[in-house]
Protein chains: 2
Amino acid sequence: MVTIKEVAKLAGCSVATVSRVINNNGYVKAQTKTQIERAIHELNYQPNEAARTLYKRKSKMIGLLLPDISNPFFTLIARGVEDIALAHGFQVLIGNSDNDVDKAKDYLSTFNAYNCVGVIATAFADDQIEKLLVSQGIHYVFVDRVKDEGNGISMNHFEGGQLQARLVLEGKPKNILILHLDLNIEAFKLRIDGIKQELNNYDVSYYDCSAETLKNKSAFISLVKDLHIDSIICSNDVLAIETMGLIQQFQLKVPEDIQIVGYDNIPFSAMTFPQIATIDQSAYFLGQQAVSILLKLNKNCVVNQQDNTLKLSTKRRGSIRFE
Amino acid sequence: MVTIKEVAKLAGCSVATVSRVINNNGYVKAQTKTQIERAIHELNYQPNEAARTLYKRKSKMIGLLLPDISNPFFTLIARGVEDIALAHGFQVLIGNSDNDVDKAKDYLSTFNAYNCVGVIATAFADDQIEKLLVSQGIHYVFVDRVKDEGNGISMNHFEGGQLQARLVLEGKPKNILILHLDLNIEAFKLRIDGIKQELNNYDVSYYDCSAETLKNKSAFISLVKDLHIDSIICSNDVLAIETMGLIQQFQLKVPEDIQIVGYDNIPFSAMTFPQIATIDQSAYFLGQQAVSILLKLNKNCVVNQQDNTLKLSTKRRGSIRFE
DNA sequence: CTGAAAGCGCTTACAG
DNA sequence: CTGAAAGCGCTTACAG
């Protein structure tokens with residue numbers, strides 16, 4: 001490994017001067033600078049980030065903690081984070097929490113041990129995580145912050161649920177099934193609240209059941225038939241796609257017999273037939289935004305509140321019976 | 001930030017002794033050890049990885065360079081890498097190359113600057129990348145190594161192509177369309193070679209065209225109709241899903257009118273209706289395997305050749321007209 | 001079994 | 001404009 005010492009030797013100057021040109025700070029005579037640059041190039045020198053980090057007590061890494069990168073919604077966030085981090089010269093250290101608080105804590109400690117500039121994560125129901133972050137003085141941005149307080153990008157899941165409900169309402173539903181994932185995750189819980197509040201304004205029946213039900217395919221289909229379900233609202237697109245595949249497999253037509261609504265607008269939701277109607281959260285943008293906020297926090301800049309709320313948009317697509 | 005010095009002070013010993021108990025090497029009296037452990041716990045001390053890295057000239061990070069984590073196939077690899085890395089106490093630094101050699105080089109340099117133990121990447125057509133890695137003495141594992149030489153997990157794309165061809169042959173095809181992604185990527189090229197070699201044994205016609213064609217939907221459908229296409233073989237599952245959605249949108253039946261075969265066996269390929277017949281490459285396992293090999297290389301262990309070839313398996317599913 | 005000291009490769013006051 | 005020196009927080013010979 002080539003070190004700054006060797007560069008200094010070749011350029012005939014001190015390491016301090018080399019450091020000055022690398023970091024482009026302090027005065028350096030033009031000629032000296034040229035010599036140093038030549039030496040750097042000749043030796044193919046690259047500064048050791050560990051040494052820099054040690055001195056500065058901050059690396060140029062961002063810790064990214066997501067529940068599971070396998071879900072395309074989180075993948076999109078990751079990609080957004082990655083791209084904008086790269087543009088600012090930052091690297092991304094990644095972790096999957098699987099919604100496990102202990103795993104999350106471990107990753108957070110590790111990110112800290114590596115002197116990350118900060119952490120981008122999904123909000124946890126359990127506020128231990130946030131306390132840990134605050135107590136350690138780690139900068140953080142929660143990408144799906146629900147409340148107004150604290151740093152993070154807030155997404156209005158309640159409103160998102162209402163939008164989902166309105167989408168199925170266009171298709172004149174009678175019996176609606178709300179198919180949900182883990183309700184300990186506040187986002188899912190809030191969406192259901194929004195759905196129900198909206199549905200209560202109309203003369204429709206609704207039922208809810210856990211996605212676990214899908215595991216027994218025929219039992220699920222029986223349930224759907226017994227309840228005369230004509231519309232299904234899902235916690236996210238992955239679940240919606242899975243549900244639609246299952247329904248079609250049992251010869252039911254989407255949207256004629258049953259309409260389906262998802263959430264997230266992952267790319268695959270637009271590739272199925274019919275396409276899945278959904279609520280867009282602009283995940284990629286969310287990831288990008290999170291990095292911007294984190295970087296601002298790091299410079300002690302004021303974070304503009306209006307940048308911090310993500311707008312939702314409705315994607316009307318073939319899986320619903322709209323006019 | 002709590003340092004080893006503070007721990008030593010509280011425990012009433014030297015930093016050397018604290019270091020010994022942290023790293024669990026060298027003799028330490030049981031009583032001293034207990035005191036140190038108590039101090040560590042009390043102060044909630046965690047070693048600074050930057051300092052360790054600087055001394056050891058190696059961090060506990062693995063650089064992972066994939067074309068694009070948005071493709072679920074790569075996401076699965078990433079998840080496999082992540083999980084097994086975590087189990088061994090390693091972290092993952094991630095990068096998306098978008099198949100751009102310059103971007104790849106930049107990431108590789110950065111991974112090196114952070115003193116990563118090694119790099120896991122997809123093989124590049126351009127051998128500059130490998131040369132760079134070798135010249136810098138960086139350990140690496142290519143996860144889709146084609147040839148026998150070099151470190152990496154080899155996948156037989158040619159054979160995979162043959163398997164794809166056999167899958168459509170079960171459905172008595174007459175006119176087959178091979179829909180491919182960038183042929184500069186050797187994996188795709190080899191699969192096509194495999195497909196063609198297999199098809200040549202039978203009395204069928206085949207055509208190939210780039211996935212770009214899909215962009216103009218109606219032009220694509222016209223092409224399909226004009227050529228009387230009854231089977232489509234795609235470079236990967238994402239493309240297969242997209243193609244199937246498009247075909248269905250134009251009232252064509254899968255598999256009755258047109259059968260479709262993908263590649264990768266991403267989770268979504270089993271969620272559509274009909275499910276996409278495909279070739280499984282066990283991406284998650286691939287990621288895990290890559291980490292194992294990298295860690296072995298790092299200990300100068302001999303890497304067992306038989307661990308390095310990934311077996312393919314055929315997934316017969318509803319998108320083909322098998323009996 | 002333990003500690004003092006050197007050193008990993010940088011950056012930044014400080015002095016000139 | 002430039003250099004000598006201190007120091008970031010660790011680990012590991014070395015000496016005892």
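Given the structure is predicted, the values throughout are model-derived calculations rather than measurements.
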Select one nucleotide: of D/dC10, C/dT11, D/dT12, the one nearest the side-chain heavy atoms of B/I4.
D/dC10
Distance check needed: D/dC1 C1' versus A/I36 CD1, whole Å only.
11 Å
Side-chain N or O of B/T32 versus OP1/OP2 of C/dT2: is the shortest distance under 4.0 Å?
yes
The side chain of A/S14 lies closest to which of these nucleotides: C/dG3, D/dG9, D/dG3?
D/dG3
Give a yes/no answer on whether the side chain of A/R57 brings an N or O atom under 4.0 Å of OP1 or OP2 in D/dC8.
no
Would you mind telling me which of D/dG9, C/dT2, C/dT11 lies closest to the side-chain atoms of B/A51?
D/dG9
Donor-acceptor contact present, side-chain A/T32 to main-chain A/V28, <3.5 Å
no
Closest approach to the side chain of B/Y27, judged atom by atom: which nucleotide of C/dC1, C/dT11, D/dC10 is it?
C/dC1
My understanding is that a pair needs two contacts under 3.5 Å, Watson-Crick or G-U wobble. By that rule, which nucleotide pairs with D/dA13?
none
Rounded to the nearest Å, what distance is computed from the CE atom of residue B/M1 to the P atom of nucleotide D/dC10?
7 Å
Rounded to the nearest Å, what distance is computed from the NZ atom of residue A/K29 to the P atom of nucleotide C/dG16?
21 Å
Rounded to whole Å, the CD1-P distance (A/I40 to C/dC10) equals 10 Å
Ignoring backbone atoms, establish whether A/N25 has a side-chain N or O less than 4.0 Å from OP1 or OP2 of C/dT11.
no
Pairing check on C/dA4: which nucleotide meets the Watson-Crick or G-U wobble criteria with it, both distances under 3.5 Å?
none
Modelled atom types, side-chain donor and acceptor of A/R52 and A/N23, under 3.5 Å
yes
Quickly work out the B/Y55 OH to C/dA6 P distance and round it to whole Å.
13 Å
Is the distance from OP1 or OP2 of D/dG9 to the nearest side-chain N or O of A/Y114 less than 4.0 Å?
no
Quick check: are there more than 12 heavy atoms from other residues, nucleotides or ligands sitting under 6.0 Å from NZ of B/K33?
no
N/O donor-acceptor pair, side chain B/R20 with base C/dG3, under 3.5 angstrom:
yes
From C-beta outward on A/L54, which listed nucleotide comes closest to its side chain: D/dC1, D/dT11, C/dG9?
C/dG9
Just N and O in the side chain of B/T3: are any of them under 4.0 Å from OP1 or OP2 of D/dG9?
no
From CD1 of B/I22 over to P of D/dT12, roughly how many Å is that when rounded to an integer?
11 Å
For B/D144, does its backbone N or O pair with a side-chain atom of B/T122 as donor and acceptor, under 3.5 Å?
no
A/N48 has its side chain closest, among D/dG9, C/dC10, C/dG7, to C/dC10
Rounded to the Å, how far apart are A/N115 CG and C/dG9 P?
18 Å
Given atom NZ of A/K56 and atom P of D/dG9, what is their separation to the nearest angstrom?
15 Å
For A/K5 and B/K33, take the nucleotide of DNA chain C holding the closest heavy atom to each; which residue's nucleotide lies nearer the 5' end?
B/K33
Quick one: does any side-chain atom of B/T110 pair with a main-chain N or O of B/D106 as donor and acceptor, under 3.5 Å?
yes
Can you tell whether the side chains of B/K105 and B/D126 come within less than 4.0 Å, N to carboxylate O?
no
